[in-house]
Amino acid sequence: MAQERTLPVFDAANALLTREDGLTVYEDMVLGRYFEDKCAEMYYRGRMFGFVHLYNGQEAVSSGVIKCLRSDDYVCSTYRDHVHALSVGVPANNVMAELFGKQTGCSKGRGGSMHLFSSEHNLLGGFAFIGEGIPVALGAAFQSHYRRVALGDSNADQVTACFFGDGTTNNGQFFECLNMAALWKLPIIFVVENNKWAIGMAHERASSQTEIYQKASVFGMAGVEVDGMDVLAVRDAAKTAVSRARAGEGPTLIECLTYRFRGHSLADPDELRTKEEKEEWLSRDPLKRFETYLLGQKLAAADELKAVRDKIQAIVDEAVTFAEQSPEPDPSELRSYIFAES
Amino acid sequence: MAQERTLPVFDAANALLTREDGLTVYEDMVLGRYFEDKCAEMYYRGRMFGFVHLYNGQEAVSSGVIKCLRSDDYVCSTYRDHVHALSVGVPANNVMAELFGKQTGCSKGRGGSMHLFSSEHNLLGGFAFIGEGIPVALGAAFQSHYRRVALGDSNADQVTACFFGDGTTNNGQFFECLNMAALWKLPIIFVVENNKWAIGMAHERASSQTEIYQKASVFGMAGVEVDGMDVLAVRDAAKTAVSRARAGEGPTLIECLTYRFRGHSLADPDELRTKEEKEEWLSRDPLKRFETYLLGQKLAAADELKAVRDKIQAIVDEAVTFAEQSPEPDPSELRSYIFAES
Amino acid sequence: MADTLLFNALREAVDEEMGRDDAVFVLGEDVGVYGGSYKVTKGLYEKYGEFRVLDTPIAENSFTGMAVGAAMTGLRPIIEGMNMGFLLLAFNQIANNAGMLRYTSGGNYKIPMVIRGPGGVGRQLGAEHSQRLEAYFQAVPGLKIVACSTPYNAKGLLKSAIRDDNPVLFFEHVLLYNLKENLPEHDYLVPLDKAEVVRPGKDVTILTYSRMRHHVTQATKKLEQKGFDPEIIDLISLKPLDFETIGASIKKTHRVIVVEECMRTGGIGAEIVASINDRFFDELDAPILRMSSQDIPTPYNGKLESLTIVQPRQIEEAVEKMMALQI
Amino acid sequence: MADTLLFNALREAVDEEMGRDDAVFVLGEDVGVYGGSYKVTKGLYEKYGEFRVLDTPIAENSFTGMAVGAAMTGLRPIIEGMNMGFLLLAFNQIANNAGMLRYTSGGNYKIPMVIRGPGGVGRQLGAEHSQRLEAYFQAVPGLKIVACSTPYNAKGLLKSAIRDDNPVLFFEHVLLYNLKENLPEHDYLVPLDKAEVVRPGKDVTILTYSRMRHHVTQATKKLEQKGFDPEIIDLISLKPLDFETIGASIKKTHRVIVVEECMRTGGIGAEIVASINDRFFDELDAPILRMSSQDIPTPYNGKLESLTIVQPRQIEEAVEKMMALQI
Ligand SMILES: Cc1ncc(C[n+]2csc(CCOP(=O)(O)OP(=O)(O)O)c2C)c(N)n1
Ligand SMILES: Cc1ncc(C[n+]2csc(CCOP(=O)(O)OP(=O)(O)O)c2C)c(N)n1
Ligand SMILES: [Mg+2]
Ligand SMILES: [Mg+2]
């Protein structure tokens, strides 16, 4: 196990979190966690197939960033996309139905776990190939910029948040897009979820310089590192980045130091990460930490939080029922959606 | 015209150039210059075809780097490859014959201007697509490292020099390879010939941060900038980089600030670069500068230098004769060289 | 009215469509200030500004993906591949995202984009600059693939491609930019999915596209003098193929020659022959003759280069031979 | 002797060749410490060390180009594509440099390298992880393309590919890794360019490869009971095709069915049909039947997914129908 990086400390006193926002964020994090736990259960029960990558442990990143976006902002994800989809507002029903391959799924059962889409929620997609979502996200940001600058639409101030992992930052598309984003001052936030591993490849064995946020500097871009297990720290960094982007001041790279509590995918034996390392990170569970914060700050009472958890559990259970009862795609529609009809 | 970067000043007193080395370098630079001038003439006379990219103005880079390599080191080039091939020792006859498409060409007339190869001289090739030579060069460097480290061959200390332009540094392969080179400490030197333009694209319109040598820093790699119009400065930086690589201490990125005295290729109308800019750079002609140095240091007398120029002129003229008199490839050998016979 | 050069016909198409719809924009290397390597975007940067005619860094995969993202969110990008071969670097974005994303998203997004530029074997440009990517891309689902061949169809097809709501790979040929033709003054479109009957005839159906159309018409001049009457069809749409036009012709001539510039293995011709076999086998009086480029990276040497591609003389002989066989 | 699983047969091939020649090395994502996503390199990192079993960053284009450079300078790299689809990102290096560089260099360099990994449609892996890249790469000159289908041929072919002095694209199938077979104890090679006659027969020639071989043999069990006698040929070499074996069979059966997992348009089947048309048209008593996957990005839903690929039942019916036609 490599020497852990010192996590930057965020002073929670700076958070200025309202009770309402606190509960929104909490609910979102619980939803992410419970949804994924349910997926694991369903996968092992043979209800869902293919490669399924869970997000447990990283909830502070999705909730911290996406819950400070506007509903007309854009979000772009990877194969580890369930929780981003939920944070963005895709109903749990439709995400679960997608994982069950049903017609009611957000991708009509055609996409599956690694390909969640919702144009209604400006979810640009889950992208199954490493790095390929980054240029697509850049395109959404370019589009906002184009409307604002080339077409003079002052309402076009949407921001795009693009999520990806540490391993992805060794891929050329990452650098190509940092350059273009900075060059044209596009309204985009690159959110690196540095969970220390790319499947079985430890970050320090793959990157000659492991501090990813620093890479922004050589593109003249703002880069920050945050404790990715602290939703308030993530949220604070995201807010700064969002206002910068919204104001037309350009992109930001946010490196969130985080950890996944499960294997790479549900098919991964997860034999390489040490018990020590796992325990160390488990002890920083972002959900527990945020719970403690809410209670400590008296932003919510224990029974209120329990009520949230119960509500979410019901939503997740209902999602399974919904998914199970939903129809399969009609075989006669096998060829739908290949081309758009003009 | 963008603000010119301040050229780093190299103190020629540090050069410690012997008379012999001085003459070798001078001869190489003259060869590069005269050869290219002859190519322009031949192209306009319809003796060579396709895209032909000349190197005039950048000679200090090729001669400065390659003339301090060993004959068993490797060199990798781009479509602007004639002069690298000459510096590496491919006879002018065979380079010119290649440009004439003859069987005696270094690529047997199959490659042409953008595809010069010579396994005998460890010239890994001219590569016509942007960036694609960088990974190939990395592979040659990996090979040396592999023989030394994995196979324990202590003689395997060859260094690879990889040349490419400023525009190429916005391509993903550049970054991917910097990372791998630094990660594995490969014996490679990345030589960026920053001539300020990528065809009609000014460097500052393509790169959000124009100081290319700085990009090395975020890979934990040494990066230096040098006056690419001063062969002694280039040579000095190259020597340091070569010894570092040879000693197993890893790669270096050298950014040479230089300029091409002609259009991008012989088909380029070259209408975008200002007269002012061209004149400023023409006044720094690396060949004239080095001539002045040699004379000033009394390393060579004027008539000696003239003798070199005459000799080279004869070599270049002879190359044309050789190329013209050489046979075309035999049509019956159209299908040779597709596959190697084991 | 003066004749229009093919590259200008393309420029007019882009200009007219940009004027008509401000979601249309161009991106690529040197499309702006430089005006495009083959002048297809000349003057448009000055007219539409730096964002609607966007000079990109040399990062094909990423700017192609960027175009996909822009198309998903409502713009209508036109990518210029300075040479189509360079888009090998963008294969992933073209195949996975331009081609497949609409399906994979269950119809959530459409991707109206055009990827255009010069392909084909030029004059001694060497192997890497002489590629025929239509062969490499033809198996990718979700893409439309079109090849233009005259100023008239170039303009009308490009306008249709820009208006289409799907990704269209639009192939020009590096040696055809200076063809001239008198174009209509009025706005016109040419449908993307219709083959063009270049010359009606009854003896043999010659299926071809892009520059080879001109090799075929050249050969036909000689053949006419000898009394042959071939039907020449320019496929225009390489994917999907227009089997209505192709079938009607085969039912008339019962003989087929395919002339393509692709390499033989896995070329467009392979699919044509296989499809005709699927659909019109019983109509054939002779095996289809497939005339393709050789399976060789294009050599620089001019003589070798010309040996790799089909020459008019060979087409002439092939028709004569096929007709002799049958009489 | 115990049966060997296909992935272990591949591992043995790699291990034996690494032991035989220290220029052979493996590179790719998670091939080392992790042992490979499908365990093909399990234990080799421990045995040969970090440079001979090299874990790479996720940079397909660059590590493929790196392998080309290493091959040019005397090593013999084996690239593992964790999933062959990921090599779309390396298309440029595979096509321009692995495929064409030897020719373009006029024979200066040879490029002995193997690019191997799982392709094909698995179980609900979604469109991007269900690709059949053999179709996309078949038109690239200078590449050899091979598909294995049993533990025996997997091992023997991989060893031959490693020893070959040319770039070989070596396709495994994601659903065949657990096939079992009793392998010879001695060292053996299987030639890269020879098709395998899986079952001799006289009624109809079925040309297939990779996983579809097993769909065909499954269908054949039923067909045998009904008294049919098909000849099954596993192509093994997808480029070049082994026309000797194919031709001999056609001259016997005069009927051909192609069963492939590629999408129809531009698939391997297209080239097979076109080539048979070129060479053996007069031997055919019926049009060749081309059975391919549908031209659709592979849907996640299991039922839709299975509708996109050819099922044994369809092969059975096709043979019956073809035989009925002819009697
Ligand atoms: C182009 C491509 N190459 C390889 C893969 C296989 N792959 C899937 S996830 C993964 C690791 C990614 O690690 P990271 O970026 O750190 O994200 P994480 O999974 O840790 O969230 C790899 C190599 C892929 N999907 N696409
Ligand atoms: C992949 C690819 N994209 C685009 C091109 C076209 N092209 C050739 S040279 C060039 C500019 C390169 O500029 P730079 O790297 O600065 O090198 P220079 O020509 O100035 O030496 C471009 C865009 C190419 N050859 N390959
Ligand atoms: Mg990770
Ligand atoms: Mg330049």
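Every heavy atom of this structure was used, including side-chain atoms; hydrogens, water molecules and symmetry mates were not. Quick caveat: nothing in here was measured; it's all calculated off a predicted structure. Here is the naming used below: chain letters follow the sequence lines, and residue numbers restart at 1 for every chain.
Using a 4.5 Å cut-off between heavy atoms, Ser62(C) makes no contact with chain B at all. For Met201(B), the parts sitting under 4.5 Å from any heavy atom of chain C are the backbone and the side chain alike. Looking at Glu271(B), only its side chain comes within 4.5 Å of chain C, counting heavy atoms on both sides. Of the two parts of Phe100(B), only the backbone, made up of N, CA, C and O, holds a non-hydrogen atom closer than 4.5 Å to a non-hydrogen atom of chain C. When heavy atoms are compared at a cutoff of 4.5 Å, Ile338(B) approaches chain C solely by way of its side chain, counted from C-beta outward.
Ring centroid separation for the pair Phe174(B) and Phe164(B) comes in under the 6.0 Å cut-off.
Judged by distance alone, with hydrogens and angles left aside, the side-chain atoms of Asp55(C) form a donor-acceptor pair with the main-chain N or O of Val33(C) at under 3.5 Å. Checking side-chain atoms of Arg264(C) against main-chain N and O of Arg290(C) turns up a donor-acceptor pair under 3.5 Å. A distance-only check finds no donor-acceptor pair linking the side chain of Gln218(C) to the backbone of Pro312(C) [under 3.5 Å].
Contacts with chain B were tallied for Glu29(C), Arg123(C), Met82(C), His129(C); His129(C) has the most, counting heavy-atom pairs under 4.5 Å. Across Gly302(C), Gly85(C), Gly126(C), the residue that shares the most heavy-atom pairs under 4.5 angstrom with chain B is Gly85(C). The choice from Ile199(B), Thr168(B), Asp330(B), Ile130(B) that makes the most heavy-atom pairs within less than 4.5 Å of chain C is Ile199(B).
Tested against Tyr259(B) for a side-chain hydrogen bond (donor to acceptor under 3.5 Å, both in side chains), the candidates Lys196(B), Gln58(B), Glu277(B) yield a single pass: Glu277(B). Of the candidates Glu328(B), Glu98(B), Arg110(B), Lys108(B), Arg110(B) is the only one forming a side-chain hydrogen bond (donor to acceptor under 3.5 Å, both in side chains) with Gln103(B).
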